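Below is one structure, written out as structure tokens; the observations come after it.
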There are 2 protein chains.
Amino acid sequence: MRKDYSHPIEVTMDVVCGKWKGVILCHLQQSEVLRFGEIKKLLPNVSQKTLTLQLRELEADGLIDRRVYPEVPPKVEYSLTDYGRELEATLNLMSDWGKSHVEKVELNS
Amino acid sequence: MRKDYSHPIEVTMDVVCGKWKGVILCHLQQSEVLRFGEIKKLLPNVSQKTLTLQLRELEADGLIDRRVYPEVPPKVEYSLTDYGRELEATLNLMSDWGKSHVEKVELNS
DNA sequence: CTGAATCCAGAACGATACTG
DNA sequence: CAGTATCGTTCTGGATTCAG
């Protein structure tokens with residue numbers, strides 16, 4: 001843990017609030033296991049460096065597993081840990097709220 | 001809305017992921033109405049400028065109301081909009097997850 | 001009391017090129 | 001294929017000062 005938190009929600013926000021972390025976690029929820037390149041395809045606008053960094057941070061926080069196969073060419077698979085799976089309900093709620101937000105905005109246009 | 005989103009969760013993250021926004025929303029859930037100075041006291045580590053900015057952004061996104069009383073000295077009250085209140089379940093879940101995370105870490109020390 | 005204005009440091013994010 | 005390294009930009013948040 002990184003610092004003093006005045007409210008428990010800060011912990012979750014610290015862990016989830018990278019620019020791409022939410023989407024990555026959502027995709028891992030749906031697909032169970034994804035290779036680096038597959039995630040990259042699902043997030044067309046993220047740079048390789050940034051994606052690597054976000055994945056490393058999620059790994060360091062214990063939300064995802066990173067499995068490296070000692071092959072050539074390399075193969076790396078990512079999946080949620082049990083711990084990361086405990087965020088499932090939260091992520092789903094966040095998606096739902098975002099979806100209804102988008103729908104409302106589209107109604108007014 | 002600010003840009004193209006590839007996944008609805010990005011909308012929610014955009015709106016909630018300021019450094020202090022989650023905590024502010026949580027406090028407004030509990031207290032209904034809070035004056036600027038009261039929020040400041042609840043977040044001892046935030047600067048005035050940053051707090052003002054975060055509140056303005058939450059207002060622009062339609063999550064909170066800002067009510068100015070034309071008095072001297074000034075009085076400004078903040079409260080959740082109906083729309084912001086729709087985040088209640090999400091914020092509670094995020095708090096719960098953060099709380100259990102903290103407890104787990106404390107067990108191992 | 002609330003907040004605007006300015007200035008600034010550091011972090012976050014991206015583009016590009018290179019590697020086992 | 002899945003990175004690392006480097007560089008540069010943009011964004012965020014904080015300190016400080018001033019104002020109605």
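Source: prediction; values computed, not measured.
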Besides A/L53, the hydrophobic cluster formed by Ile, Leu, Val, Met, Phe, Trp and Tyr side chains linked at under 4.5 Å, directly or via other members, contains none

Return the nearest nucleotide to the side chain of A/K49; candidates are D/dA5, D/dG13, D/dA2.
D/dA5

To the nearest angstrom, the CG-C1' distance between A/L55 and D/dG3 comes to 11 Å

Given atom CD of B/Q48 and atom C1' of D/dA19, what is their separation to the nearest angstrom?
12 Å

Quick one: pull up OG in B/S79 and CG in B/L34 and give me the separation to the nearest 0.5 Å.
9.0 Å

Using whole Å, what does the distance between atom P of nucleotide D/dT12 and atom CE of B/M13 come to?
13 Å

Can you tell me which residue pairs pass the salt bridge (charged side-chain N to carboxylate O under 4.0 Å, His left out) test with a partner in residues 83-98 of chain A, sequence neighbours excluded?
A/D82-A/R85, A/E86-B/K104

Ring geometry between A/H27 and B/H7 (parallel below 30°, tilted from 30 to 60°, perpendicular above 60°):
perpendicular

Take the protein atom CG of B/D14 and the nucleotide atom P of D/dC11, then report the distance between them rounded to whole Å.
13 Å

Hydrogens and angles aside, do B/Y5 and B/D14 bring a side-chain donor and acceptor to less than 3.5 Å of each other?
yes

More 5' along DNA chain C: A/C17 or B/G37, using each one's nearest nucleotide?
B/G37

Look only at the side chain of B/T12 and the backbone of A/G98, and say whether a donor-acceptor pair between them is shorter than 3.5 Å.
yes

Overall bend of the helix from C/dC1-D/dG20 to C/dG20-D/dC1 (five pairs an end, 10° steps) is 50°

A/W97 with B/I9, same ILVMFWY side-chain cluster at under 4.5 Å:
yes

Nearest whole Å is fine: how far is D/dT10 C1' from A/K19 NZ?
10 Å

Mind checking whether A/Y69 and A/V72 sit in one hydrophobic cluster, side chains of I, L, V, M, F, W, Y counted as touching below 4.5 Å?
no

Please determine, by modelled atom types, if A/S6 and A/E10 share a side-chain donor-acceptor pair under 3.5 angstrom.
yes

Whichever of A/E77 and B/W20 has its nearest DNA chain D nucleotide further upstream toward 5':
A/E77

For DNA chain C, note the earliest and the latest nucleotide, 5' to 3', having some atom under 4.0 Å of a heavy atom belonging to chain B.
C/dC1 to C/dC7

If you look at every heavy atom in A/M94 and B/T90, which pair is closest and at what distance?
CG-CG2, 3.4 Å

Could you list by number each residue of residues 63-75 of chain B showing a heavy-atom separation from DNA chain C of less than 4.0 Å, or answer none if no residue does?
B/R66, B/P73, B/P74

Any pair counted as salt bridge (charged side-chain N to carboxylate O under 4.0 Å, His left out), so long as it reaches residues 27-45 of chain A, sequence neighbours left out:
none

Touch class at under 4.0 angstrom, heavy-atom based, for B/T52 against every strand present
sugar-phosphate

B/Q54, nearest nucleotide to its side chain (from D/dG13, D/dT6, D/dG3)
D/dG13

For A/R35 and D/dG3, give me the distance from atom CZ to atom P, rounded to whole Å.
10 Å

